[in-house]
Structures are given as structure tokens and as C-alpha cells.
Amino acid sequence: MISYESEEMLMKNVIQINENDNIVVVLKDLSKGEVISIGNKEVTLKEDVKRGHKIATADISLGGNIIKYGFPIGHSIVDVFMGEWVHTHNIKTNLDGIKEYTFNQKLIKNSYQNRNLTFNGYKRENGNVGIRNELWIVPTVGCVNGIADRIIDRFKEMVGNLSIDNVLVLKHNYGCSQLGEDHISTRTILGDAVKHPNNGGVLVLGLGCENNTMVDFKKSLGKFNEKRVKFLISQEVSDEIQEGANLLVELYENMRTDKREVCSLSELKIGLKCGGSDGFSGITGNPLVGKFSDFLVAQGGTTVLTEVPEMFGAETLLMARAKNEEVFNKTVHLINDFKEYFMKYDQPVYENPSPGNKAGGITTLEDKSLGCTQKAGTATVVDVLKYGETLKEKGLNLLSAPGNDLVAASALASAGCQMVLFTTGRGTPFGSFVPTMKISTNTQIFELKPHWIDFNAGSLTQDKTLDALNEEFIVYIIKVASGELVNNEKNNFRELAIFKSGVTL
């Protein structure tokens, strides 16, 4: 974890993340000829460098490693001289294909104590706890997305002012023309949504001819509360809109008396995600989320890290924190299985970061991954979930899902997370089907997009310590868990995106 208590580390214009680094990160745009001080050394810039980007603090010979966070983020492809800009033009990834790993456990003691804090949530009949009381329509197939909108319109006409948190459709474009694992994944993710505790009622809406049949879908749900879940096949009724609205009214009448109750923070399950990352993501937003993750785990709660391709290059740090050899082996499969997925389609495992990431100062996948994985703090990894699996162990979990923002955030929600913490340096407005809190990694995007961003971690480069800001963050998260809306909810930006790997018929 990064400390912001050290004046030597956080300087006026640059930050040196680790004392062994041979680069520093620029905190504001700097010009050629400016002089920066790193400890007892002065470095003169040989060219203009934008904020979030890197400057060499020593001469680095051709083939030498570029060190950031105390680890290599790639190697130089030319001689790099002190004061030069270090980026994609003079550095290349060290990553390649499948690797073998050895279990070398290095657990880190959690510095937080249990404070017995609480939030106000909804206790469901099966023992799960939600942080919203929403009414959802879950289509079995994308063909009925439009029908679902009309059903909600009719329902609102019938009931008038709502006394629940929201009513929405979890739109997607699958449920038919799929085979094998894709078909199973769609059914699994939709089933996870049906049983999610953030809803107080669900209408499962089918068409009638899709291969995600209502009969099979019902069977896949296992036990469910029949007062909370209703089903409708559109082709089997004459007026599907009125029939659907009637069922929503029935669900609404059952859930409208649900009340928030005092719940232990140990009931929180929170997903950890980043997107539109920049050079500050691994310095501000992700370390803040990692600090919070350690705090929540100490309260008996649960956090989940995903986007597996953005673990490549930092995976051994997570493997060393596996609680036992079984979890270590699951983590190895998590990494290598995803690499094999890339290689199956003749794609390089290191085709990352994105153009936006690069513009923001991230150079290689190792650079991105070492910053990304800081969202997991220092806690022990207690379990590894396959895509579509739901949480079983409290503590820090890993989840198989790609880096794609919508797919990964949906996977976190489907795993049972009531909320997703989403750090961003470039900014993004989207939301998953659970509250998706945007944490800015720099103050500029926080000030530019206040209708997107919910919390500013950029103040870590200005006047806040990590511990002090985390205390503010804890208070805010408890407010959101207790009902305060985040921006994606205020804007009604809600998405469900399902992972696809095979053919479409």
C-alpha cells in the first residue's frame, strides 16, 4: 500500500511511489527544462511531460527494467536517460503466455479492528441483506425488453406515486441463439439477479420461443420466495402489458411494507472495479479503495476483486496472499484459464491498456495491473469464484470476469455484491444494476463531471492523508448503503451486460 505520510514521497510536482522506483509520476503538466527534486537528487526535464505520466530518475540502459510500485512494469526498448519521458515509445511489456507458479504464502496482518458499525438495510427472508428495495423485470430473452418498458409504464399509471426505491428492467440482448457455456452463463447471471437482495420483487418476463425456456429457468433458480418472484410468458396471453402490470402490482403490494433495519457492516458485500484509469489510479483511487477493503474485511464484511486480465503482471502478489494452497491453485487457474481464452482466439495476453489509459499515463499492462490490484488492499484472499458463482466466504474474494466495465460490474453484482466501488481517472457515467459509486483519481475530473463522480480521491495529491480520507469514505459508503443515491442511480443509468465467448446462431 502507498503511504501519503512521507514528505519525501509526495513532492510538489511529482510522486515517487516506492523508494526503489527509477521513475516518478508527474502531478501536473511540466515543461522541458524544469527541475524536480527527488530526495537529494535534482532532475532536469528533457521534454514536456503531462500529468499522470512518468519521468526517468536515472539512466536506464536498453533492455533494463522500468520500476514502478517497486516492481518492473516493462523494459526499455532504447537507452532512456534521466529526465526523459517514459511511455509507450520507449518501453515494452515483459509479459508473455502461460506461466507456472509456486505457492509462497506471505500473509499480511490487517491493521484494522472491528468497530461494530452498522448501516440500515433490508433483511430478506432467506437471511440475505439488501441496500435497496427495488422492483425489477428480468427478461429471459432480449426480445421482450421493449415490452418490459411498456409494462412499467402501465404499472406506474395504476399505482401512482411509488413508495419503493425504484422499478426498472434489467435489459440484455441474450437468452436465445446461444449454445453451451454462453447459454448457461446467461441463465446463471439472470438467475443471480432474480435472487439478488437489492430487489424486493421480480417479474421474470419471457417471450415463449427462446432457448432460455421458462421451465428450465425456473428449475435453475432452486428455492425462491413465490411472493417475491412472478413469471409471465408473453406469447401465452392476449395482453402481455396488462398481465405484466398486474403482476408488478401484486409484487409491489408485497414489498412496499419492507422497512430498513439496523444491520451489521459485516453484511456488506462490495465489488471493486476500475475503468477509464489514468496515471493516478494506482496512486490515489485504487489505494483508497484498497484501504477501505481492508477495513471492511476487518468488520467481517466482504469485498470482491475482478477484471482478471488486469491482474496479469501482478498476480503473484495476490497468490502470495491466498489463505491456503487450495485457494492458491484456484488463483493460478483464474489467471491461466483467462490467458488460454485469449490465446484460443490468437490474441496477445498483453493487449492492454486502452488508448484512454495510455493518454492518462498508463504505459503497459503491468503498469495497469500493479495499480489495479491495489483495490484489493492487503487482506488474505479467502476464495476464488468462477463467472456467475455467488459469494460463499466472507473476506476478500477474487472473481473471474473480463476487464470490460459493464460486463465486470454486472458480474460483481451477480456474485451478490450490493454495491460496486468504481475508480476512474477519465470519467464514466454508466452503472450496473446495483449502486455503482464513481471515485475520481484526480480532482480535475471530479470538478468537471460532478454529475458522474461521487467521491474525490484526487485530494490525496493535495491536502489529505490516506487514513483521513478513508474515514470520510467509510462514512459516505455507510450513507449509500443506508439509502443515499449515487449518481448512476440519480441519472437512471443502469446496465446488465453478460459475458459471451462462443458463437451466435
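Since the structure is predicted, the reported quantities are computational estimates derived from the model, not experimental observations.
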* Asked: Out of V420, D405, L412, which residue meets the side-chain contact (heavy atoms from CB on, under 4.5 Å) rule with S432?
  -> V420

* To do: Measure from NZ or CZ of K339 to the centre of the six-membered ring of F312 and say whether it is under 6.0 Å with the direction within 45° of the ring axis.
  => yes

* Backbone N or O of T441 within a donor-acceptor pair of the T284 side chain at under 3.5 Å? -> yes

* Asked: Between Y341 and F499, is the ring centre distance below 6.0 Å?
  -> yes

* Asked: Are any non-hydrogen side-chain atoms of K291 and D467 less than 4.5 angstrom apart?
  -> yes

* I would like to know whether L265 and R115 meet side chain to side chain contact (heavy atoms under 4.5 Å, CB included); could you show each step before the answer? => CA-CA 9 Å; L265 230 56; R115 301 184 194 172; over 6 Å; no

* To do: Indicate whether the side chain of S293 and that of T303 have a donor and an acceptor atom separated by less than 3.5 Å.
  => yes

* To do: Would you give the length of the straight line joining atom CD1 of I164 to atom CG of L135, rounded to the nearest 0.5 angstrom?
  => 4.5 Å

* **More than 12 heavy atoms of other groups within 6.0 Å of K449 NZ** => yes

* Asked: Stepwise, does the side-chain hydrogen bond (donor to acceptor under 3.5 Å, both in side chains) test hold for N442 with D278?
  -> CA-CA 9 Å; N442 62 79; D278 68 352; 2.9 Å; yes

* To do: With side chain to side chain contact (heavy atoms under 4.5 Å, CB included) as the test, would you mind laying out the steps for C274 and E307 before giving the verdict?
  => CA-CA 9 Å; C274 56; E307 52 193 331; 3.4 Å; yes

* **Residue K50 excluded, over 12 heavy atoms near NZ under 6.0 Å** => no

* Do the side-chain N and O atoms of S281 and N286 include a donor-acceptor pair separated by under 3.5 angstrom? -> no

* **Residues E134, R494; criterion salt bridge (charged side-chain N to carboxylate O under 4.0 Å, His left out); working and verdict** => CA-CA 13 Å; E134 298 180 333; R494 310 289 287 270; 2.9 Å; yes

* Reported CD1-to-CD1 distance for the pair I23 and I60, which is rounded to 0.5 angstrom -> 8.5 Å

* Asked: Yes or no on side chain to side chain contact (heavy atoms under 4.5 Å, CB included) for V25 and V14, after CA distance, side-chain angles and deciding distance?
  -> CA-CA 5 Å; V25 178; V14 299; over 6 Å; no

* Asked: If you count the non-hydrogen atoms of other residues, nucleotides and ligands that lie under 6.0 Å from NZ in K490, is the total more than 12?
  -> yes

* **Euclidean distance, K123 NZ relative to R260 CZ, rounded to 0.5 Å** => 13.0 Å

* Structure fact -> Value for NE2 (H87) from CD1 (I91), rounded to nearest 0.5 Å, stands at 9.5 Å

* With distance as the sole test, does S264 use its side chain to make a donor-acceptor pair with the main-chain N or O of E267 at under 3.5 Å? -> no

* Asked: Are any non-hydrogen side-chain atoms of L466 and L460 less than 4.5 angstrom apart?
  -> yes

* Check the pair E489 / R132 against salt bridge (charged side-chain N to carboxylate O under 4.0 Å, His left out), numbers first and verdict last. => CA-CA 11 Å; E489 296 178 287; R132 296 291 183 268; 2.8 Å; yes

* Asked: Checking N133 side chain against M255 main chain: does a donor-acceptor pair fall under 3.5 Å?
  -> yes

* Asked: If only atom types and distance count, is the side chain of N357 paired as donor or acceptor with the main-chain N or O of S354 below 3.5 Å?
  -> yes

* Nearest atoms (heavy-atom pairs only) where A411 meets A401 -> CB-CB, 3.8 Å

* To do: For the pair Q418 (side chain) and K269 (backbone), establish whether a donor and an acceptor sit closer than 3.5 Å, ignoring hydrogens and angles.
  => yes

* For the side chain of D21 and the backbone of N18, is there at least one donor-acceptor N/O pair under 3.5 Å apart? -> yes

* Expected output: side-chain N65 to main-chain I67 donor-acceptor under 3.5 Å -> no

* **Donor-acceptor pair between R124 and N199 side chains, under 3.5 angstrom** => no

* Asked: Under 6.0 Å from the NZ atom of K386, do we count more than 12 heavy atoms belonging to anything else shown?
  -> no

* Asked: Atom NZ of K92 and atom NE2 of H75: how far apart are they, to the nearest 0.5 Å?
  -> 6.0 Å

* **Approximate separation, where rounding is to 0.5 Å, of I362 CD1 and S369 OG** => 9.5 Å

* Where the side chain of H53 meets the backbone of A359, is there a donor-acceptor pair that is under 3.5 Å apart? -> yes

* To do: Run the numbers on T93 and E366 for side-chain hydrogen bond (donor to acceptor under 3.5 Å, both in side chains), then give the verdict.
  => CA-CA 7 Å; T93 178; E366 298 101 307; 2.7 Å; yes

* Asked: Are F224 and V194 close enough that some pair of their side-chain heavy atoms sits under 4.5 Å apart?
  -> no

* Asked: Side chains of D258 and R256: does their closest heavy-atom pair fall under 4.5 Å?
  -> no

* Asked: Judged by modelled atom types alone, do T443 and N456 share a side-chain donor-acceptor pair under 3.5 Å?
  -> yes

* What do you reckon, is CD of E125 surrounded by more than 12 foreign heavy atoms closer than 6.0 Å? -> yes

* Crowding at NZ, K392 (>12 non-hydrogen neighbours, <6.0 Å) -> yes

* To do: Check step by step if salt bridge (charged side-chain N to carboxylate O under 4.0 Å, His left out) holds for K54 and D367.
  => CA-CA 11 Å; K54 295 174 282 293; D367 189 1; 2.9 Å; yes

* Structure fact -> N488 and T436 have their tightest heavy-atom pair at OD1-N, 3.0 Å

* Flag for Y476-E484: side-chain donor and acceptor within less than 3.5 Å -> no

* Heavy-atom pair of closest approach, residues L288 and A457 -> CD2-CB, 3.9 Å

* **Validation row: N329, E325 side chains within 4.5 angstrom (heavy atoms)** => yes

* To do: List the atom of Y387, the atom of A497, and the distance in Å for their closest heavy-atom pair.
  => OH-O, 4.3 Å

* To do: Return the minimal non-hydrogen interatomic distance between I55 and V86, and the atom names on each side.
  => C-CG2, 4.2 Å

* Backbone N or O of T378 within a donor-acceptor pair of the D294 side chain at under 3.5 Å? -> yes

* To do: Might you work through the side-chain hydrogen bond (donor to acceptor under 3.5 Å, both in side chains) test for Y112 and Q299, ending with a clear yes or no?
  => CA-CA 8 Å; Y112 282 104; Q299 313 313 303; over 6 Å; no

* Structure fact -> Of all heavy-atom pairs linking A58 and K41, the shortest is CB-NZ, 4.5 Å

* To do: Would you confirm whether D454, through its side chain, and N487, through its main-chain N or O, come within 3.5 Å as a donor-acceptor pair?
  => yes

* Derivation and outcome, side chain to side chain contact (heavy atoms under 4.5 Å, CB included), residues T331 and L398 -> CA-CA 8 Å; T331 309; L398 306 181; 3.8 Å; yes

* Asked: Looking at W452, F430, F493, which one forms a ring pair (Phe, Tyr, Trp, His ring centres under 6.0 Å) with F422?
  -> F430

* Is D383 paired with K394 through a side-chain N to carboxylate O contact shorter than 4.0 Å? -> no

